[in-house]
Amino acid sequence: MLKKITYIIAIIIFCATVFSSYLNEQDIDDSAYVIALGIDDGTDDNSIELTIQIAIPSENGSSSSSASSEESSSSSSEKGSSDTLIKTIECKSIDSGLDSANSIISKKINLSHCKFIVFSEKIASKGISDYIYTLENNVELRSNCNILVSSNDAKEFLESPNPVLENSTSKYYEIITTNNKYAGYTVPATLNTVYSSMYDTFGEACTMLGEVENSDDNEKNIILGGIAVFKEDKLVGTLSADETIPYLIITNKLEESEMSIVSPFSDNKSMDFHLSLSSKTRTNVSIQEPAPHITTSVSLLATIVSSSADFDSSSHEDINKIEQALADHIKNQITNYYEKTAKEFKADIAELGRHAVYNFPTINDWKSYNWLDKYETATFEVNVDVDLESSYFIS
Amino acid sequence: MDSYKIKVLEGICLVVTILLTHVLLSVPSALITQTASSTLLNIVYVAIITLIFFFIIYKLFSLFPGNNIIDISGFLGGKVFKFIYGFIYIIYILGMSAIIIRLFSEGISLISLSHINVTFIILTFVVAVGITNYFGLKSISRLNIFILPIMILSIIFLYFASTGEYTFERIFPILGYGAKETFVDGISNIFAYSGIYVLFFLFPLLTRVSDFKKIGISSILIYTVLLLLSVSALLFSIPQVAETSSPLSLYILARQINLGEYIQNIDAFFLLIWIPFLFEYLSINMHFALSTFKQLTNTKYSKGMIYCFCAIIFVLSLLSNNMAEINMLNNSFYKYTSIVFVFIIGIIILVSASIKKLIQNLTKRGTQNNA
Amino acid sequence: MGKFFNAVRSIFEYKEDPSYEFVLSNANSQKESLGTGSNIKEKVFSEYNKNIEFIKDKYSTLINSDIKIREFYINVQNKQYKSFIFYIDGMINTDSINHFVLNPLMLKNMTNTSTAQEQVVTNPDKVTIVRPFDIQSYIMDSLMPQNDVSTSEDFSDIFSQVNTGVCALFVDTIPLAFLIDAKGFEKRSIATPENEFIVRGSQEAFIESIRSNTSLLRRYINSENLIIENTAVGKVNQNKCCICYMKNIANPELVAEVKYRINNLEIDSIISSGELEQLIKDSQFDLPQMIATERPDRVANYLLAGRVAIIVNGTPYVLIAPAVFSDFLTSAEDTNIQHQFSNLLKIIRLLALVITLLLPGFYIAITIFHQELIPTELLFAIVSSRSSVPFPIIFEIIIMDISLELIRESGVRVPSALGQTIGIVGGLILGEAAVSANIVSPILIIVVALTGLTAFAVPDYLLGFHLRIARFVYVFAGYFAGFFGIAFVIFVHIGILASIDSFGVSYLSPYAPFSVNSTDGYLLDPIWKREKRESFLDTIRQEREKHISMKWKFGGKS
């Protein structure tokens with residue numbers, strides 16, 4: 001009898017101690033889900049402006065009211081798109097900013113569904129390795145969260161999205177970053193890839209580039225296109241959306257893209273092609289003195305999408321002419337890309353060092369070779385081979 | 001303890017579980033910190049050394065059929081030596097369990113249960129271990145047959161699911177820091193195989209003594225493959241500069257799995273697989289501690305010691321103050337202690353005992369010839 | 001103070017290990033006598049004693065309780081011929097035997113003292129033919145007022161006839177047997193199985209009378225190697241109980257163990273097989289450790305596989321021992337249909353088991369601790385649907401689970417006229433109204449409804465109970481510690497399963513300890529591949545069919 005009582009008392013004590021600490025659990029209703037973070041330069045030297053975009057879950061996609069504006073000394077709130085709430089806080093670091101945000105926002109901030117992290121150009125030029133390191137170590141943040149550099153302020157960038165085809169901003173963010181799969185205007189730059197590239201010795205990091213578009217009737221929207229080029233951790237330049245395609249070709253990330261060239265048959269007409277890689281791009285780096293020599297062999301598959309009817313699609317000669325014209329155009333683009341990244345930016349964002357490292361037996365040899373600086377002096381050779389497939393039903 | 005005997009498959013599962021747990025924790029990143037891009041070469045090299053080591057102990061054990069290392073140490077140095085050696089083994093096993101519990105609890109506390117005190121997580125571990133040991137080796141080895149294949153599948157899935165993120169060129173430069181650092185200094189990487197101490201205790205548990213060789217070779221080979229998979233996954237995913245002996249290497253890999261729009265961040269499911277696996281490892285450890293205790297003290301009923309050993313593990317795991325201390329314990333203290341204890345002292349005892357036995361046999365034969 | 005110390009000491013002190021160790025070992029060196037009577041080559045002897053001893057040996061009449069042998073004398077021409085009839089009780093019509101077999105042979109024949117030779121008139125010319133007197137034809141022609149009587153000299157033929165309900169008459173000095181058709185077993189007044197309905201299979205079920213049940217079994221198995229031993233359980237009510245097994249298949253140690261357990265119960269009365277099951281099962285965990293079925297075809301299958309069946313008078317549920325966990329997820333139909341269909345059903349049942357056990361626990365663990373697992377859009381849908389619900393998720397789940405259990409329990413006792421009403425009230429009103437009143441969220445209704453539905457996909461009744469209890473434990477574990485708590489409970493749960501042995505067989509056979517015999521697995525092989533019996537039963541006769549069983553297709557000289 002006493003044994004039973006002892007057991008019961010022991011169980012009660014155990015339950016009381018154990019269960020008492022479980023009352024602070026993070027219920028699904030008590031979290032505010034951040035879908036994007038923006039980092040701008042702050043007013044002081046050491047401070048940043050952290051912009052947080054929080055999703056407002058609404059029923060059946062109908063919009064709910066936006067947040068009211070609040071004036072206080074260290075924070076300001078703005079109206080975002082109809083289903084998100086945007087708050088901006090001035091702080092010393094990202095984590096302290098998130099902490100301060102908890103005092104303004106009613107629920108606890110949860111980063112596990114964050115899709116975007118936007119840096120403004122100004123802060124990117126100062127260096128972002130600390131922020132990337134902090135974000136990579138954050139347990140909640142997904143490592144496939146996209147990193148973006150915006151030519152406008154990050155705050156303005158996050159206020160601008162106007163999703164029409166989707167009924168939520170988070171869905172819009174998810175979809176818009178995948179346009180590299182069919183258009184070739186963005187690069188897949190996630191937190192993981194940026195972090196790896198920054199700390200690796202094979203090359204430099206690059207991120208997506210975005211800007212705010214102001215249309216005529218004062219409706220704003222965001223455009224994603226281009227590459228932001230970093231050297232070490234500072235922004236040194238940008239490549240436009242058209243210049244992204246050579247990068248994708250060299251790094252084997254091109255899935256599909258459209259390209260338009262001047263028709264080889266008449267100078268004032270253009271020809272449009274649908275491009276994809278027919279086999280992997282082979283890059284060969286031969287370590288020579290004084291500079292490495294990089295040979296790139298590209299093999300593409302092209303189909304004519306639109307053209308004027310001034311050539312004979314069944315004639316071998318014409319086909320060869322078109323292939324040659326397209327190959328020359330792409331070769332020019334790739335060569336320009338190399339020139340720009342090597343001479344102007346001095347940053348190997350395609351991580352061509354991966355193809356050079358096998359020449360070195362030990363890590364010390366590789367480090368003393370210093371590929372990141374040698375890239376500036378490298379010489380390039382590009383070979384492009386295009387196979388044309390006609391897509392005409394009626395020729 | 002019951003007299004449950006294990007067969008080949010259960011034996012292989014037992015040994016692989018003990019070896020594989022450290023892969024879950026810090027072994028891959030510790031290996032990469034030591035030998036950088038030549039880690040894969042180094043692992044193959046160390047595996048060959050372990051196989052040679054296994055053959056040596058197999059040959060030496062065949063002189064003492066049906067005995068485990070405690071019996072052999074008793075044969076070598078008498079009761080006192082047997083007691084000291086067994087006692088040190090119990091302390092080693094309990095200490096290792098405590099370090100692992102603390103490491104993993106801190107990790108889980110960081111990952112998902114941040115508002116629960118670490119003490120309660122450790123308590124849960126200890127309670128689970130106590131419950132399975134109450135049921136005995138029968139329950140533990142049968143459980144293992146379910147848990148281990150799922151764990152192996154999870155490692156294989158982990159490797160193949162994140163191939164999109166791999167930079168295969170990180171295997172270059174092939175010799176890492178240099179040939180000497182890879183093959184001479186890198187021999188300390190044999191601590192990855194320190195779970196092989198369980199083979200010393202395996203003989204009395206086997207149904208057929210001839211299974212020992214099969215169990216040993218299969219488990220070392222299976223473990224080598226899995227270690228190669230996890231180390232290469234880690235090597236290819238993460239820049240080497242950032243490698244700082246993180247406590248949960250496989251978790252870092254699990255975080256970056258991205259299989260499409262709806263399957264992201266599935267690391268919590270891996271927790272669901274790894275936690276029972278860790279419970280299983282701790283149960284096996286505790287079982288060996290209990291059976292060694294039973295052997296040393298010649299008691300008939302040792303289940304009462306479950307409470308004591310659980311309490312000891314609980315207290316030991318609470319000793320260190322923070323994650324940094326326990327990490328340091330794991331990486332330096334545990335690493336070198338296990339190499340010395342398992343590989344060096346184990347071989348010395350076996351060799352000395354075999355020499356003593358051979359001398360005894362020779363003298364016996366000599367007296368027989370004379371008589 | 002002393003009491004406190006005693007209590008503490010009682011936790012740590014030495015306790016006699018109460019575990020009961022019974023391990024099935026290899027059934028070796030038992031000569032297997034092949035099953036059917038077709039391999040018995042002997043012919044009927046002329047001597048009475050040889051016949052009766054042969055039959056007693058072959059049918060093991062000393063232990064086989066329903067084989068009846070009635071010895072008597074036939075009086076012919078003032079000579080007394082020793083005779084006996086033998087039949088299986090429960091298979092024959094006793095009235096028919098009494099009035100039309102025993103009566104004419106024993107009573108009506110008493111006045112026959114004539115010794116004259118028979119005279120037969122065959123044609124109108126009154127030519128008489130005198131036949132020498134022949135007792136065999138005399139008995140056959142004059143003393144058997146039965147419509148269906150034949151003779152046979154081969155024991156194999158006699159045995160196969162007796163097994164189907166025929167009564168055999170042996171007379172001293174006559175080297176043949178008279179086979180009298182007096183079948184009288186129960187036919188289809190037997191009910192259809194109420195709780196184990198299958199589409200493709202027999203629709204008979206056991207009833208309360210033990211003799212009818214044994215006759216049902218006899219008809220399915222049709223072999224003299226089926227032993228049905230009688231025993232009585234309970235000091236006061238001495239309830240009849242039969243232990244059935246195949247003499248040439250079942251491991252004798254298993255049979256001995258079952259008999260030992262049943263015969264060593266110090267209890268006043270046992271009314272049902274449920275009570276007997278609780279008294280003889282190995283471990284007192286709430287998992288079922290013996291199969292309880294009301295289908296004779298299922299019992300026959302298990303007996304032919306080498307298990308032991310226990311029939312208790314008064315209950316239509318027959319117990320089968322030993323039982324492993326995968327048996328509770330199989331239905332009687334699995335062997336009747338193609339292996340692809342039965343494998344599909346088995347996978348669905350396993351999925352149903354996992355869903356009914358784990359789904360509420362996972363839901364609560366994911367929504368509280370692991371929100372990153374949910375896709376973003378679904379997460380927002382859940383949050384917005386829960387926005388007006390005042391209660392925490394754990395409270396909702398408990399309310400809905402308890403309501404489901406209440407509805408289920410009241411549905412058992414509801415009069416049939418009100419059955420539909422309960423369905424409407426329970427399903428529509430409670431669920432729909434609860435959502436409209438913002439007491440629960442719609443997603444939770446889906447979770448709980450799915451959980452309740454899948455619980456019915458598990459074939460075994462007792463296992464369903466166990467899952468209902470375990471589900472609550474998982475819900476609380478998920479609430480308190482997320483996936484960590486659920487992993488802890490899964491580990492302890494499977495550990496408990498692994499520690500149970502049912503009559504010497506590991507509960508998790510054939511996976512733990514692992515057996516390489518392909519017949520053993522959870523999923524079925526095609527019927528032509530199931531060559532061996534289950535290895536964990538250690539039967540005398542391991543082979544179930546030859547390597548080439550379809551000789552019509554692949555026959556020839558193999």
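Predicted model only: the values in this text are computed from it and were never measured.
- Contact detail for A/P57 and C/F380: the closest heavy-atom pair is CB-O, 3.6 Å.
- The line from CZ of C/F4 to OG1 of A/T6 is 7.5 Å long, rounded to the nearest 0.5 Å.
- Distance check, rounded to the nearest 0.5 Å: CD1 of A/I28 to CZ of C/F369 gives 13.0 Å.
- If you take CG on A/N110 and CG on C/L379, they are separated by 8.0 Å, rounding to the nearest 0.5 Å.
- The environment of CD in A/E256 is crowded: more than 12 heavy-atom neighbours from other residues, nucleotides or ligands sit within 6.0 Å.
- Atom-to-atom distance recorded for A/N167:CG and C/E377:CD is 7.0 Å, nearest 0.5 angstrom.
- Between the side chains of C/T376 and A/K115, at least one donor N or O sits under 3.5 Å from an acceptor N or O.
- Only the side chain of A/E174 comes within contact range of chain C, with heavy atoms under 4.5 Å apart.
- The distance from the CD atom of A/E140 to the CD atom of C/Q371 is 8.5 Å, given to the nearest 0.5 Å.
- Atom-to-atom distance recorded for A/D29:CG and C/S384:OG is 10.5 Å, nearest 0.5 angstrom.
- Contact annotation for C/I366: neither backbone nor side-chain heavy atoms come within less than 4.5 Å of a heavy atom of chain A.
- The candidate from C/I374, C/I382, C/V8, C/N6 with the greatest count of non-hydrogen atom pairs under 4.5 Å with chain A is C/I374.
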(request) Just do the side-chain contact (heavy atoms from CB on, under 4.5 Å) check on A/Y33 and C/V383 with the steps written out, would you? (result) CA-CA 10 Å; A/Y33 295 101; C/V383 173; 4.2 Å; yes

